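Working notes, beginning with the structure itself.
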Number of protein chains: 2
Amino acid sequence: MDADSIAQVRRFNRTVGERIGVLHDHFLGTDRPVGEARLLWEVGEEGRDVRRLRDRLGLDSGYVSRLLRSLERDGLVTVEPQRHDRRVRTVRLTAAGRKERALLDERSDELAELILTSLNEKQRARLTAAMSEVDRLLTAGTVSVEELDPRHPDSAACLQAYFDELGDRFEEGFDASLSLVPDAGELGPPHGVFVVARLHGEPVGCGGIQFHEGEPPYIKRMWVAKSARGLGLGRRLLAELEDHAVRSGARSVRLETNRELTEAITLYRSAGYEEVPAFNDEHYAHHWFEKRLHG
Amino acid sequence: MDADSIAQVRRFNRTVGERIGVLHDHFLGTDRPVGEARLLWEVGEEGRDVRRLRDRLGLDSGYVSRLLRSLERDGLVTVEPQRHDRRVRTVRLTAAGRKERALLDERSDELAELILTSLNEKQRARLTAAMSEVDRLLTAGTVSVEELDPRHPDSAACLQAYFDELGDRFEEGFDASLSLVPDAGELGPPHGVFVVARLHGEPVGCGGIQFHEGEPPYIKRMWVAKSARGLGLGRRLLAELEDHAVRSGARSVRLETNRELTEAITLYRSAGYEEVPAFNDEHYAHHWFEKRLHG
DNA sequence: GGCATTGCCTGACTAGAGTCAGAGAATGGA
DNA sequence: TCCATTCTCTGACTCTAGTCAGGCAATGCC
């Protein structure tokens, strides 16, 4: 890796650590220890299971428990067993907890303002643009992609979100049973591969590929969550699936898509896919693509 | 301040805090408490006075003292009274201390690499570019500009650095006594204003303005340290001085510069200065400028 | 029903980070 | 010379943050 890049990243780490890290803890930790504040924040408006809090913050189970007791004592949260599995417990904010959380929110805003006020209009615009870029790329770096059974709950969650989105975007709505490969299980072994992308443990994207004797592999159900767009994740998932195709010995891959899915069409074209005549009778398709693989 | 900008800064704070802040402490704090590591780093190769360490890190005097005792016990630093003022004590790294510091250095590199490895070539280039921008703008936000007596040690340090640089850049060298206003004191009250810019307490730029009865104020000795260039600091100092001119009731300001100082010339032009015939006989000048003030 | 597992909790710790009040030496100025 | 000030150090604390080992209840599987 080149030394200039490393030096730049280090300078960045240093500046940001000094200018933001320190202030951050100072700001948020005035009324309440940082640990509690982070936890309170992470509970969110909706409430969250204890184990998810633990995972998200990477803390010891005993420690989280103690923090929760403390928040509970202050009347900021309630902790009660989950309906279906009474071992799991769910944390929820009380009214006071919401108020406290809103306060943290305000503090974060103030910190952000503090950072911006010392700059003029033009510098501010440049700073936020650059921050957004850094933010996106750092986030992209934490996304992991792994093979998963298409029937795994996380896969199912992705597919459901995908279908819901198609239902919204297509004029005629979307009914998976009218589409090809209605049973996603067929995208898994032994004749397919399904991959899921995760960000902070949450599934945020998926895609599958199916192998057919004597014809090119067929890519299906490519999706990226709205919250994770702009990270180059679609491209990454696509590359991952193409990789499987190459390893299977295929010379090309095929897929089709709907005319409403313009980002997808753009992605496919820029990734080297070329439009070809319809090679199947997918009900929802308007465009069929094929890409020659050289691997 | 607009809400989008604030939201972006907050997202940034959060991502960076998670991705870098946490890792950072983890990485540096493996062998040694973070406090000690930071201190060890801040001592630097050259050594540093205890009070500067305190200022720089914003720590309690007793706490720093204790950290130093601990580093001393481990044979990493020596602390001895300063020659000229035996109350002040200077911290220096021992050979072992240097080694340990090099280790921290290496860790920082590893952290930087870790951040970069998950990205492809193109993303890496974009990330480092954006980081450098954020870095520069955040740093620019911490620069303070204040009026100071031109004979104050910090002013003198700026002027000396300026003269040294001119000596290097001018073919014929530079001798302040051949230049106009050889005594910088004249740039201070009652007939002038001298401003000094500081970054983390260090003087990194200066500039003066002198008022003459019946003619436009005269700007002189504008300088920005190499380490602080690219932060828009020159423009800021210039604006500051012009502000004083406006407040004094002046309708325009004047200055002159040498043909070697191309950045300065660019700055003056872009700040609205127009070249005019020589209005004085400054030995080192090739270009004379004037700007009309509307305030 | 028996038994391993899961999920959370408590008790008992340790170490780090930081504060506060003074003590004591060196310095500078009247 | 005396006195206020500056600078650093020590002792005595407090509070967070985090770890580790076990314990208890609910659950799932045979």
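Just so you know, these numbers come straight off a predicted model, no measurement behind them. Letters go in sequence order (proteins before strands), and every chain restarts at 1.
In this structure, H152(B) places its NE2 atom where more than 12 heavy-atom neighbours from other residues, nucleotides or ligands lie under 6.0 Å away.
Salt bridge status for R124(B) with E113(B): absent, with no side-chain N to carboxylate O gap under 4.0 Å.
Taking atom CG on L71(A) and atom P on dC9(C), their separation rounds to 12 Å, with Å as the unit. Nucleotide dC20(D) holds its P atom 8 Å from the CG atom of D60(A), rounded to whole Å. Atom CZ in R48(B) sits about 14 Å away from atom P in dT8(D), given to the nearest Å. Rounded to an integer number of Å, the gap from E72(A) CD to dC8(C) C1' is 12 Å. What separates CD of Q82(B) from P of dT27(C) is a distance of 10 Å, to the nearest Å. In this entry the distance linking CZ of R89(A) with C1' of dT10(C) reads 13 Å, nearest Å. Distance CZ (R52(B)) to P (dT8(D)): 12 Å, rounded to an integer number of Å. The CG-C1' distance, from L68(A) to dG18(D), rounds to 15 Å in whole Å.
Here the side chain of R86(A) is nearest to one of dC8(C), dC9(D), dT27(D), namely dT27(D). Of the candidates dG18(C), dG7(C), dT8(D), the closest approach to any side-chain atom of Y63(B) belongs to dG18(C). Side-chain proximity of R66(B) to the nucleotides dA26(C), dA12(C), dG11(D) is greatest for dG11(D). Of the candidate nucleotides dG18(C), dT8(D), dT19(D), dG18(C) has the atom nearest to the side chain of L59(B). You'll find that the side chain of V50(A) is closest to dC9(C), out of dG18(C), dC9(C), dT27(D). Picking from dC8(C), dT16(D), dA17(C) the nucleotide with the shortest atom distance to the side chain of P33(A) gives dT16(D). Nearest nucleotide to the S65(A) side chain, out of dT10(C), dT16(D), dC20(D): dT10(C).
Aromatic ring pairs are classed by plane angle as parallel below 30°, tilted from 30° to 60° and perpendicular above 60°; the pair F12(B) and F12(A) is perpendicular.
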### Message
If you apply the rule side-chain contact (heavy atoms from CB on, under 4.5 Å), what do you find for Q8(B) with D135(A), and how did you get there?
### Response
CA-CA 9 Å; Q8(B) 178 53 61; D135(A) 183 13; 3.8 Å; yes
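Contact annotation for D85(B): backbone-only contact, meaning every heavy-atom pair under 4.0 Å involves sugar-phosphate atoms and none involves a base. Within the 4.0 angstrom heavy-atom criterion, only backbone atoms of the sugar-phosphate kind lie near R69(B); the bases stay farther away. Here G35(A) lies in heavy-atom contact (under 4.0 Å) with sugar-phosphate atoms only. In this structure, R54(A) reaches the sugar-phosphate backbone alone: every heavy-atom distance under 4.0 Å involves primed, P, OP1 or OP2 atoms, never a base.
In this structure, CD on E110(B) lies 11.0 Å from CG on D105(B), to the nearest 0.5 angstrom.
The 5' end of DNA chain D is approached more closely, in terms of each residue's nearest nucleotide, by S61(A) than by the other of S61(A) and R83(A).
Considering R98(A), E100(A), E46(A), R48(A) as possible partners of L93(A), the one that fulfils the side chain to side chain contact (heavy atoms under 4.5 Å, CB included) test is R98(A).
Distances shorter than 4.0 Å separate none of the side-chain N or O atoms of R87(A) from OP1 or OP2 on dG28(D).
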